[in-house]
Amino acid sequence: MNEILDKLNPAQKEAVTCTEGPLLIVAGAGSGKTTVLVNRIAYIIDRGLAAPYQILALTFTNKAAREMKERITALLPGFSGDMWIGTFHSICVKILRRHIDLLGYSNDFVIYDTIDSRAVMKECIRELDLDDKQFTPRGVLSVISGAKNNSMDADTFETIYKNDFRMSVIAQLYKLYQQKLKKSSAVDFDDLLINTVKLLSLNPDLLERYQNRFRYILVDEYQDTNNIQYLLISLLAGGHHNICVVGDDDQSIYKFRGANVGNILSFESDYEDAKRVTLDQNYRSTQTILDAANAVISHNGSRMEKKLWTSNGGGSKLHAFTARDEYEEARFIARTIKKQHDEGGARFGDFAVLYRTNAQSRVLEEIFMREAVPYRVLAGLRFYDRKEIKDIVAYLRLLSNTSDDTSLRRIINEPKRKIGAATVDKLTAASIADDCSVYDIIKNADAYADELKSSAGRLKEFYALIESLRKLVDTIPLTQLITRVINDTGYLAMLEAEDTQESLTRQENINEFINVAAEFEKNPEYNGRLSEFLEGVSLISDIDSYDEDEDAVVMMTIHSAKGLEFPTVFLTGLEEGLFPGMKSITSEDDIEEERRLCYVAITRAKKDLYLTKARSRTVFGKTVPARASRFFEEIPKEYTEDLSAPASLAKSFVRSAGKSMSDYFSGGDAQSDPLDFNKGDIVEHRKFGRGTVVSVKQFGKDAILEINFESIGYKQLMAAFAKLKKL
DNA sequence: AGCTAAAATGTTTTT
DNA sequence: CATTTTAGCT
């Protein structure tokens, strides 16, 4: 143990050994925060201050939790299994699975993700016969989520806003929404936290049990906690105050999700005897990168005092590039990476491309594919959010919990069983009238012969199908169950019959899902309960599957990149209106949040940081001019070298020498030359898949290609627009 | 009921 | 522009 302490700097050592009472660790980016947390836990165990099961560590991502567990295992083999290390949400599930019946829910509850919640809210809006232009599921849910984060239940919400017409309507929706969730034995993400707090507040004996159990509580990314998470922590730490929180107010980037920076700013007044340790020595980046980060963040007001420094040395300057448009920007990035890979011996995995919005990944992907640079996109559409996966999961949920109306509604006619909207409406009406689940109505379809006469037979078939699968739930392994589901329901047959590029991809995704289930089954901690598997599915995000050993450039949003580091980072789209985003430009508070996001992005880089922007960008299909982001301007020019050819020089270069810097990055690739296609070429189209060029007709500078596609047969395409890949 | 075609609509960011 | 929702037709 002592030799481990020797590797820490004085501030880190203090943070590790100061075990008793409230402790605030202000940890700047790259200052060894996880190292401190892990060593602190090891220190507590080593000193015999607590047994492993008395440790509770809360994180925001599964990835952070997993990393913590792995690093603890490296220090203390075999101990991490007993510790409660997990995300706020997963720890809450763990508690609720045991006791949520005290709140009137079934302990087999399901967790609804954003998509499910929206489906429920859509039903609510329809049921109350509201104008769906004025009340969108998304908008209403965001108001409700805000209310939940301030511990406001539907009744309180109604009372508070009784003089506000719009809010009163939302109060009714809030009530109905909660009613529907409860009826389905379902909870949404916010409910996981709220219900845990409610449970512990209403049951003092239970609270005392958990307070006594968790002798030491650690919270990661404390600046991102919301009010409910704050309450939960206060409850659990209420007895002993052995609460250690780690965070960086400069990296608070989740205000839109209810995060309250005030939590970290007022920690010392919340806990009178709190100690504070500041970690500002950075072990990740070069001094130049830190100088740039410091320069940007210093434009924010009301920050906790700290300034990152390092002994790593200055390193190279930041690299700036201004492109004509987003395509040239992408080309610059792809070719710069390719060059460093081919000539500089860099790994593709050393590079990360970061952007503000997921939409920006499309152009990047297109260019990377064309330039043959291996890449991996994280997030965007979550794997588990794909239609086919949600469908299979809906079947499984229904098998596990027949009162889950939302899942039933999702799959009752998927594949088509001739049970359409009209029938589902009748079923829903009956279930409301009789206060039971839709599945119960189907089960007793005979009793509703008048309303359901035409579809009674099909409903019976559906009931028999689900019942036959339900018998298997506890008797066969997970992977076999899923296989039975896709076979017996006809889901697989439907995809096979479709026989398109898209349906093939869906089949592959389902196979991948079965692989995930197989992995899950192998985990010794898995207790064989279907609901546990389903809960894993709900709480996992794509960033959790990021594999740093894979040799591919990784692309993701800045939000997803928090907590990660890369030798070389490309920070893209540094334009007003994009980063900072259009919606934040009018509010100083929002601009500060965007600036923190920029700070997070800059501090991901270890050695090299590229800052790229475009002079014009396509937004909603229209090309609009863009000017440099204020954040870009906030970085002193002496830290950067400009790689873009000055616009005025570019022309003369082309005229005289033929090739300029920006020319090199903007054109000249064979794929975009329409003349390059010949009869007999095998090509691949993004939508239509593989095909053979049958004829080429010149059409001005462009050409019309006739192609025989394997999937859809003959089709004519303009060569310049078809985005074809030659094979 | 289900298909196709036209229209509308949306871009932050995510556990 | 790209996806999702709706209208109109079979």
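Residue numbering restarts at 1 for every chain, and letters A, B, ... go by the order of the sequence lines. Bear in mind the structure is a predicted one, so any value in this text is a computation, not a measurement.
- Within the nucleic acid shown, A:Phe60 comes within 4.0 Å of sugar-phosphate atoms alone, with no base atom in reach, counting heavy atoms only.
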Checklist entry - Which letters describe nucleotides 1-8 of chain B, given B = protein heavy atom under 4.0 Å from base, S = only from sugar-phosphate, - = neither? => result SSS-----

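- Within the shown strands, C:dT6 is the pairing partner of B:dA5 under the Watson-Crick or G-U definition, both distances less than 3.5 Å.
- With distances taken from any side-chain atom of A:Arg362 to the nucleotides C:dT5, C:dA2, B:dT13, the minimum falls on C:dA2.
- The separation between A:Gln360 atom CD and C:dA2 atom C1' is 16 Å, rounded to whole Å.
- Between B:dT13, B:dT15, B:dT11, one nucleotide has an atom nearer to the side chain of A:Ala359 than all others, and that is B:dT11.
- Spacing between atom CG of A:Asp220 and atom P of B:dT15 amounts to 14 Å, rounded to whole angstrom units.
- When the C1' atom of B:dT14 is taken as reference, atom CD1 of A:Ile111 falls 16 Å away, rounded to whole Å.
- Residue A:Arg138 places none of its side-chain N or O atoms closer than 4.0 Å to OP1 or OP2 of C:dT4.
- Between A:Thr557 and the phosphate of B:dT14, there is a side-chain N or O to OP1/OP2 separation shorter than 4.0 Å.
- Rounded to a whole Å, the CG atom of A:Leu597 is 18 Å from the P atom of B:dT11.
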Next on the checklist: Pair A:Asn195, A:Tyr105 - check side chain to side chain contact (heavy atoms under 4.5 Å, CB included), show working.
Outcome noted: CA-CA 10 Å; A:Asn195 284 321; A:Tyr105 286 88; 4.1 Å; yes

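- Which of B:dT14, B:dT15, B:dT11 sits closest to the side chain of A:Ser560 comes down to B:dT14.
- For the residue pair A:Ile389 and A:Asn509, the shortest heavy atom distance occurs at CD1-O, 3.5 Å.
- A donor-acceptor contact under 3.5 Å is formed by the side chain of A:Arg356 with the base of B:dT13.
- Distance, A:Asn227 CG to B:dT15 C1': 16 Å, rounded to whole Å.
- For the pair A:Asp188 CG and B:dT14 C1', the computed distance is 14 Å after rounding to whole Å.
- Using a 4.0 Å cut-off, some side-chain N or O of A:Asn358 falls inside it from OP1 or OP2 of B:dT13.
- Atom CE of A:Met556 and atom P of B:dT15 are 12 Å apart (whole Å).
- Side chains of A:Thr612 and A:Glu329: a donor-acceptor N/O pair is present below 3.5 angstrom, by distance only.
- Look at C:dC1: its Watson-Crick or wobble partner, with both distances under 3.5 angstrom, is B:dG10.
- Ring centroid separation for the pair A:Tyr599 and A:His299 does not come in under the 6.0 Å cut-off.
- For A:Glu592, there are no salt bridge (charged side-chain N to carboxylate O under 4.0 Å, His left out) partners at least two apart in sequence or on another chain.
- Pairing each heavy atom of A:Phe462 with each of A:Ile419, the nearest pair is CB-CD1, 4.4 Å.
- One C1' atom belongs to B:dT11, the other to C:dT6, and the distance between them is 23 Å to the nearest Å.
- A straight line from CD1 of A:Ile585 to P of B:dT11 spans 18 Å, rounded to a whole angstrom.
- The one candidate from A:Asp190, A:Asn227, A:Asp188 that meets the side chain to side chain donor-acceptor pair (under 3.5 Å) condition with A:Lys148 is A:Asp188.
- Taking 4.0 Å as the cut-off between side-chain N and carboxylate O, A:Glu593 and A:Arg596 count as a salt-bridged pair.
- When each of A:Phe88 and A:Thr136 is assigned the nucleotide of DNA chain B bearing its nearest heavy atom, the one mapping closer to the 5' terminus is A:Thr136.
- Between the P atoms of B:dT13 and C:dT4, the separation comes to 15 Å (whole Å).
- Among the atoms of the strands shown, base atoms are found under 4.0 Å from some heavy atom of A:Thr114.
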